K.L.:
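I have a structure here, written as structure tokens, and I will follow up with some questions on it.
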There are 2 protein chains.
Amino acid sequence: MTRAPQKRRLETRARLLEMAAAIVQEQGYSGLRVEDVVARAGVAKGTLFSHFKDKDGLLAVLIGDEVLRLLDGMEAGGAPRDAAELTARLAPHLDYVGQDRVIFDLLLRYSGTTAAEPDEVITAGFLRQVALLTRWLQLLQAAGRIRRDQPPELLAEGIQAFLNHVLGVWFCMEHDDETPPARALEPYLQAWLQPAT
Amino acid sequence: MTRAPQKRRLETRARLLEMAAAIVQEQGYSGLRVEDVVARAGVAKGTLFSHFKDKDGLLAVLIGDEVLRLLDGMEAGGAPRDAAELTARLAPHLDYVGQDRVIFDLLLRYSGTTAAEPDEVITAGFLRQVALLTRWLQLLQAAGRIRRDQPPELLAEGIQAFLNHVLGVWFCMEHDDETPPARALEPYLQAWLQPAT
DNA sequence: TTGTAAAAATGACCGCGGTCAATAAAAGAG
DNA sequence: CTCTTTTATTGACCGCGGTCATTTTTACAA
């Protein structure tokens, strides 16, 4: 008979996440070292890896959490009324991911995970994002603001593709460059969703 | 007075690449360990890192080389006559990259590098691929087989985006799945290049 | 040939993510 | 309160990529 996870364990997990978040706050994602996390949380290294599969597993929770918060912001803005407004809704997400390559790499690694364990926050985030995009695209199609010759699911996945493409390029160049990801995304979405004439 | 790189050094570099390629042949890219490479090449570890910036730098040469060979194949096929034929030309590339996540990750890291040092094989490969795609798209536009309302450069970059998207998803799922990347790419390219009516 | 400065190669060493057999702490059973 | 079983934690240890002060080799001048 398997038992439910005990209270003490949950507290440890919470403390690990809390300390990790604090370090990220101070040093950024790239500055996060497992040894620092466990030191601050006052546990041994092995403990961390009994709570999270690996360092990425820990990051996935932190980042997934943030993605969910960004989604709240997106939804709060209400349904966009055209392609340009949709781009604007995506801007915060791009800004967040664009701030550190670690975020990008991790999201990319999980971005295709449509199935999988629902307790993984990051997966939940993706499912919600795709669902939200699809819903919005349906509305835009109904309003005749974007093309209607393709199913909204395909268009949504296409948007994901352009999002990642733009970010990938962003991380390859020196950032003195003045074009932020959100701005670079525009021409792609305009072309991809081009309004029905 | 700086001197040109000496013969002996070039031989060492060549031997390192040769041995690395052999190991990849046997164990795949994921199985490549720096220690094995230097052991086979009969040099110390530090030597490898004086020839290549890091492990990725070594892989970049190996993979970039392979990408160039694939490009030869693409060009040998001649210019495609419609979107479907273009997809077919890209299939070998997808098959190659899809065989190991290491290849994908590395190509993605370099994929935005449009400028940079021309002696990097992998950069050369990308420039050539983009140029080739652009040229083909121009021809297809001229022939009226694809949309003409967007510059071929934008369409080419879009294709890159879909390529990476499809591959990203591919690596996220169990590979018992029967849909290979090339097949998954089709609907995107059809939609993205949708023929002028 | 010999002296010397640049180039090339060396390998001990480090950082850091991740493992695992051993140990401690909790949770019932009697 | 014991004894036993499950759960949670520990920290020494490992693998592997990457560094750097030191040593060896090479090229060239006197």
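Atoms considered below: every heavy atom in the structure, side chains included; atoms not considered: hydrogens, waters and symmetry mates. Numbers restart at 1 for each chain; the letters A, B, ... are given by sequence-line order, proteins then strands. Please read these numbers as outputs of a predicted model, since none were measured by experiment.
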K.L.:
Using modelled atom types and a 3.5 Å cut-off, is there a donor and acceptor pairing between side-chain atoms of Gln99(A) and backbone atoms of Tyr96(A)?
P.N.:
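Yes: the side chain of Gln99(A) pairs with the backbone of Tyr96(A).
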K.L.:
Tabulated below should be each protein N or O lying under 3.5 Å from an N or O of nucleotides 11-14 of chain D; please produce it.
P.N.:
| from | atom 1 | to | atom 2 | distance (Å) |
| --- | --- | --- | --- | --- |
| dG11(D) | O6 | Gly46(A) | N | 3.4 |

K.L.:
Glu11(A) CD to dA25(C) P: how many Å, rounded?
P.N.:
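In whole Å, dA25(C) P and Glu11(A) CD are 16 Å from each other.
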K.L.:
What does the inter-axis angle of the helix from dT1(C)-dA30(D) to dG30(C)-dC1(D) come out as, five pairs per end, nearest 10 degrees?
P.N.:
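Axis-to-axis angle, ends of the helix: 20°.
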K.L.:
Could you give the CZ-to-C1' distance, from Arg33(B) to dG17(D), as a whole number of Å?
P.N.:
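It is 11 Å, rounded to the nearest whole Å.
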K.L.:
As an exercise, state the distance from CG of Leu140(A) to CZ of Arg148(A), rounded to the nearest 0.5 Å.
P.N.:
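One gets 11.0 Å once the value is rounded to the nearest 0.5 Å.
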K.L.:
Determine which pairs satisfy side-chain hydrogen bond (donor to acceptor under 3.5 Å, both in side chains) with at least one residue from residues 59-68 of chain A, sequence neighbours left out, and list them in order.
P.N.:
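Only Glu66(A)-Arg69(A) qualify under side-chain hydrogen bond (donor to acceptor under 3.5 Å, both in side chains).
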K.L.:
Holding to ring pair (Phe, Tyr, Trp, His ring centres under 6.0 Å), I want the full list of residues that pass it with Phe52(B), two or more places apart in sequence or in another chain.
P.N.:
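By the ring pair (Phe, Tyr, Trp, His ring centres under 6.0 Å) rule, Phe52(B) matches no residue at all.
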K.L.:
Is a side-chain N or O of Arg145(B) found less than 3.5 angstrom from the main chain of Asp82(B), in a donor-acceptor match?
P.N.:
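Absent.
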K.L.:
Indicate whether OP1 or OP2 belonging to dA8(D) is found under 4.0 Å from a side-chain N or O atom of His51(A).
P.N.:
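No.
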K.L.:
Which whole-number value in Å describes the distance from Asp36(B) CG to dG15(D) C1'?
P.N.:
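That distance rounds to 12 Å.
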K.L.:
May I have the distance from Arg13(A) (atom CZ) to dT9(D) (atom P), rounded to whole angstrom?
P.N.:
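These atoms are roughly 12 Å apart.
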K.L.:
What residues form a side-chain contact (heavy atoms from CB on, under 4.5 Å) with Ala191(A), not counting sequence neighbours?
P.N.:
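side-chain contact (heavy atoms from CB on, under 4.5 Å) list for Ala191(A), sorted by chain: Arg147(B), Gln150(B), Leu154(B), Trp192(B).
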K.L.:
Rounded to whole angstroms, how far apart are CD on Glu35(B) and P on dG18(D)?
P.N.:
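Checked: the CD to P distance equals 12 Å.
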K.L.:
Check step by step if side chain to side chain donor-acceptor pair (under 3.5 Å) holds for His165(A) and Gln160(B).
P.N.:
CA-CA 8 Å; His165(A) 176 68; Gln160(B) 284 282 346; over 6 Å; no
K.L.:
Arg33(A): which residues meet the salt bridge (charged side-chain N to carboxylate O under 4.0 Å, His left out) condition with it, sequence neighbours left out?
P.N.:
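Applying salt bridge (charged side-chain N to carboxylate O under 4.0 Å, His left out) to Arg33(A) gives Asp36(A).
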K.L.:
It should be established whether Arg8(A) places a side-chain nitrogen or oxygen under 4.0 Å from OP1 or OP2 of nucleotide dA8(D).
P.N.:
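The answer is no; no side-chain N or O of Arg8(A) sits under 4.0 Å from OP1 or OP2.
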K.L.:
Report yes or no: does Asp100(B) contribute a side-chain atom to a donor-acceptor pair with the main-chain N or O of Gly28(B) at less than 3.5 Å?
P.N.:
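Side chain of Asp100(B) to backbone of Gly28(B), a donor-acceptor pair under 3.5 Å: no, none is there.
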K.L.:
Between Arg101(B) and Asp105(B), is the closest basic N to carboxylate O distance under 4.0 Å?
P.N.:
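Yes, charged N to carboxylate O under 4.0 Å.
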K.L.:
Does the Thr47(A) side chain pair with the main chain of Val43(A), one donor and one acceptor, at a distance under 3.5 Å?
P.N.:
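It does not hold such a pair.
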K.L.:
Extract from the structure each pairing of a protein N or O with an N or O of nucleotides 21-23 of chain C at less than 3.5 Å, listing the distance.
P.N.:
none

K.L.:
Name each donor-acceptor pair under 3.5 Å that joins a side chain in residues 84-93 of chain B to protein atoms two or more places apart or in another chain, with its distance.
P.N.:
| from | atom 1 | to | atom 2 | distance (Å) |
| --- | --- | --- | --- | --- |
| Glu85(B) | OE1 | Arg81(B) | NE | 3.4 |
| Glu85(B) | OE1 | Arg81(B) | NH2 | 3.4 |
| Glu85(B) | OE2 | Arg81(B) | N | 3.4 |
| Glu85(B) | OE2 | Arg89(B) | NH2 | 3.4 |
| Thr87(B) | OG1 | Ala83(B) | O | 3.0 |
| Arg89(B) | NE | Gly78(B) | O | 2.8 |
| Arg89(B) | NH2 | Gly77(B) | O | 2.8 |
| Arg89(B) | NH2 | Gly78(B) | O | 2.9 |

K.L.:
Would one find a side-chain N or O of Thr12(A) under 4.0 angstrom from OP1 or OP2 of dA8(D)?
P.N.:
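Checking Thr12(A) against dA8(D): no side-chain N or O falls below 4.0 Å of OP1 or OP2.
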K.L.:
Contact list please: residues 14-31 of chain A against DNA chain D, heavy atoms, distance less than 4.0 Å, in numerical order.
P.N.:
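Listed by number, there are none.
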K.L.:
Is the phosphate of dT9(D) approached by Arg9(A) (side-chain N or O, under 4.0 Å from OP1 or OP2)?
P.N.:
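Yes.
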K.L.:
Please say yes or no: joined through hydrophobic side-chain contacts below 4.5 Å, possibly via intermediate residues, are Leu193(B) and Val130(B) part of one cluster?
P.N.:
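No, Leu193(B) and Val130(B) fall in different hydrophobic clusters.
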K.L.:
For residues 53-63 of chain B, tabulate all N or O donor-acceptor pairs below 3.5 Å that involve a side-chain atom, not counting sequence neighbours.
P.N.:
| from | atom 1 | to | atom 2 | distance (Å) |
| --- | --- | --- | --- | --- |
| Asp54(B) | OD1 | Asp56(B) | N | 3.2 |
| Asp54(B) | OD1 | Gly57(B) | N | 2.9 |
| Lys55(B) | NZ | Leu32(B) | O | 2.9 |

K.L.:
What's the verdict on ring-ring contact (aromatic ring centres under 6.0 Å, His included) for Phe126(A) and Tyr110(A), showing C-alpha distance, side-chain angles and the deciding distance?
P.N.:
CA-CA 8 Å; Phe126(A) 269 112; Tyr110(A) 286 78; 8.0 Å; no
K.L.:
Near DNA chain D, counting only heavy atoms under 4.0 Å, which residues of residues 53-63 of chain B show up?
P.N.:
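Output list: Asp54(B), Lys55(B).
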K.L.:
Just call it for Leu48(A): base, sugar-phosphate, or nothing, with non-hydrogen atoms closer than 4.0 Å on any strand.
P.N.:
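Counting heavy atoms under 4.0 Å across all strands, no contact is made by Leu48(A).
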K.L.:
Indicate every side-chain donor-acceptor pair of residues 16-26 of chain A with a distance under 3.5 Å to a residue at least two apart or in another chain.
P.N.:
| from | atom 1 | to | atom 2 | distance (Å) |
| --- | --- | --- | --- | --- |
| Glu26(A) | OE1 | Arg40(A) | NH2 | 2.8 |
| Glu26(A) | OE2 | Arg40(A) | NH1 | 3.3 |

